[in-house]
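Order of appearance sets the numbers: ligands from 1, and atoms from 1 within every ligand.
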Amino acid sequence: MKCMGCGALLQDTDPLQDGYTPKLTNKLCQRCFKIQNYGANIASQKNIITEKLLAKINREKGFVIFLVDFLNIYAEIITTYQKIKLPKIMVMTKSDLIPRNIKKDQLVKNLKNQYQIKEKIIWVSSKRKENLNLINDILAQENKVFLLGFTNSGKSSLINALTDSNLTISKRANTTLDLLKIKTPTGFIYDTPGFIPEHFLDNMLPKRQIKPVVYQLKNKYCLKINDYYLASDVDNNMILYLANTLNVSKRLKKEVLPKQLEVLANSDIIIKGLGFIVVKKKALITTNIAMDLIEIRPTIIGGKNE
Ligand SMILES: Nc1nc2c(ncn2[C@@H]2O[C@H](COP(=O)(O)OP(=O)(O)OP(=O)(O)O)[C@@H](O)[C@H]2O)c(=O)[nH]1
Ligand SMILES: [Mg+2]
């Protein structure tokens, strides 16, 4: 029997392993029980290997809905999406978090251009139940649908919003651990374990709608985001699309930051797992953030990248 929250095989022998339950007649493993009932913050250590999961799905027949969260889109995510051979669609979820100043349809256009995505992209919110009819239309047409995406993109939340299932949802990575087949009125939808990015910051998800914060940063100042620093060699404007829960302030530059990035005007500096920062002017950016957590792209918000 599989745990109905995360898909792990239920077992009553090793409390330290996934799927443990003291009683095999339970529907949930102990971890899911604790997350669902006490809001426990427990991450599984299971190693989800992207290539293995992709190969498994690519052997199947069916339709793929690939979920992305607009704050966390970067090359690794798009490359993984492109490796899916089944007919597919990209769905940008958590639309309730997208700031009001961003026109969602324009954002979709920018994403399609930037990442050369041929398939349709639609946006939904599981929290506000927005556009769920578009997903229901797909479910009505396809009898076997796989919901794929990186960890925390909101796959299990979407299935819970669409059906009366009780999948485990959490803000930590690695919540769903194996495929779980869920009945829909006309077929099946599969919840799947999230792909795990090679490098990212876990546990930094925003709870409320993002308010982009604009910093006018004179070049003798730097930005402090929790323990991360960013500075520009010229007076610059930076617009932060980050969780409102982060501690952001402006500080005088004191020491030289070890890493350097050259960015064009209107670039996004993506901090994987955190969100992104739009840099308005061409600059040399210095920072203490590890380079494998960072990616630069022309901004998806709009503006000439030069
Ligand atoms: N604001 C908002 N938050 C959402 C939405 N959908 C999911 N979330 C949050 O995103 C986090 C991750 O949700 P999950 O449904 O567990 O994500 P997942 O893709 O199933 O994650 P894994 O099982 O680890 O792959 C949770 O904190 C959810 O509450 C949404 O539409 N809006
Ligand atoms: Mg899940």
- Message: So, regarding S156 and ligand 1 (criterion: nitrogen or oxygen to nitrogen or oxygen, under 3.5 Å), is there a contact or not?
- Response: yes
- Task: From atom 32 (N) of ligand 1, work out which of I35, L147, D96 has a heavy atom at the shortest distance.
- Result: D96
- Item | N174: numbered ligand 1 atoms lying under 4.0 Å from its heavy atoms | 24 (O)
- If you count the atoms of ligand 1 from 1 in the order shown, which ones are under 4.0 Å from a heavy atom of K127? 1 (N), 2 (C), 30 (C), 31 (O), 32 (N)
- Message: Membership question, hydrophobic clusters at under 4.5 Å side-chain separation (ILVMFWY): are V213 and M204 in the same one?
- Response: yes
- Using a 4.0 Å heavy-atom threshold (strictly under), name the region of T176 that reaches ligand 1: side chain, backbone, both or neither. both
- Task: Would you give the length of the straight line joining atom CE of M4 to atom SG of C29, rounded to the nearest 0.5 angstrom?
- Result: 12.5 Å
- Between NZ on residue K171 and OG1 on residue T151, distance to nearest 0.5 Å: 13.5 Å
- In V279, T299, V278, L240, the residue satisfying side chain to side chain contact (heavy atoms under 4.5 Å, CB included) with I269 is V279
- If you count the atoms of ligand 1 from 1 in the order shown, which ones are under 4.0 Å from a heavy atom of S125? 31 (O)
- Which angle, to 10 degrees, forms at the Mg ion (ligand 2) with OG of S156 on one side and OG1 of T176 on the other? 90°
- If we only count N/O pairs under 3.5 Å, is K207 in contact with ligand 1? no
- Query: What protein heavy atom sits nearest atom 22 (P) of ligand 1, and how far away is it?
  - Reply: T151 OG1, 3.6 Å
- Check the angle between the aromatic planes of F150 and F195 and answer parallel, tilted or perpendicular using the 30° and 60° thresholds. tilted
- If you round to the nearest 0.5 Å, how far is CD1 of I135 from CG of L158? 5.5 Å
- Query: Does ligand 1 have an atom that lies less than 4.0 angstrom from a heavy atom of S153?
  - Reply: yes
- Enumerated ligand 1 atoms positioned under 4.0 Å from heavy atoms of T175: 22 (P), 23 (O), 24 (O)
- Task: Specify the protein heavy atom at minimum distance from atom 12 (C) of ligand 1: its residue, its atom name, and the distance to 0.1 Å.
- Result: S170 O, 3.3 Å
- Which distance, rounded to the nearest 0.5 Å, do you find between the CG of N226 and the CG of L274? 7.5 Å
- ligand 1 atoms in contact with L97 (distance to a heavy atom under 4.0 Å): 1 (N)
- Using 4.0 Å as the upper bound for N to carboxylate O, is an ion pair formed by R297 and D268? yes
- Note on the structure: Interatomic distance, CZ@F146 vs NZ@K61, rounded to 0.5 Å, equals 11.0 Å
- Give the residue and atom name of whichever protein heavy atom lies nearest to atom 31 (O) of ligand 1, and the separation in Å to one decimal. S126 N, 2.9 Å
- In terms of residue, atom name and distance, what is the protein heavy atom nearest to atom 10 (O) of ligand 1? K94 NZ, 3.1 Å
- Message: I need the atoms of ligand 1 closer than 4.0 Å to a non-hydrogen atom of K171, numbered in the order shown.
- Response: 27 (O)
- Item | Atom indices of ligand 1 within 4.0 angstrom of L205 heavy atoms, with elements | 11 (C)
- Task: Go through the side-chain N and O atoms of S95 and N131 and say whether any donor and acceptor fall under 3.5 Å apart.
- Result: no
- Query: Less than 3.5 Å between some nitrogen or oxygen of G194 and one of ligand 1, yes or no?
  - Reply: yes
- Any idea which protein heavy atom is nearest atom 14 (P) of ligand 1, and the distance to it? S157 OG, 3.6 Å
- Query: Any salt bridge between E262 and K282, counting N to O under 4.0 Å?
  - Reply: no
- Using atom types as modelled and distance alone, determine if a side-chain donor or acceptor of K88 lies under 3.5 Å from a backbone N or O of Y81. yes
- To the nearest 0.1 Å, how far is atom 25 (O) of ligand 1 from its closest protein heavy atom, and which atom is that? K155 NZ, 2.7 Å
- Query: Is the closest N or O pair between G154 and ligand 1 shorter than 3.5 Å?
  - Reply: yes
- Note on the structure: The closest protein heavy-atom partner of atom 29 (O) of ligand 1 is I169 CG2, 3.9 Å
- Could you find the nearest protein heavy atom to atom 21 (O) of ligand 1 and give me its residue, atom name and distance? N152 N, 3.0 Å
- Query: Between the side chains of Q260 and T286, is a donor N or O closer than 3.5 angstrom to an acceptor N or O?
  - Reply: no
- Message: Tell me if a side-chain donor or acceptor on K253 pairs with a main-chain N or O of N219 at a distance below 3.5 Å.
- Response: yes
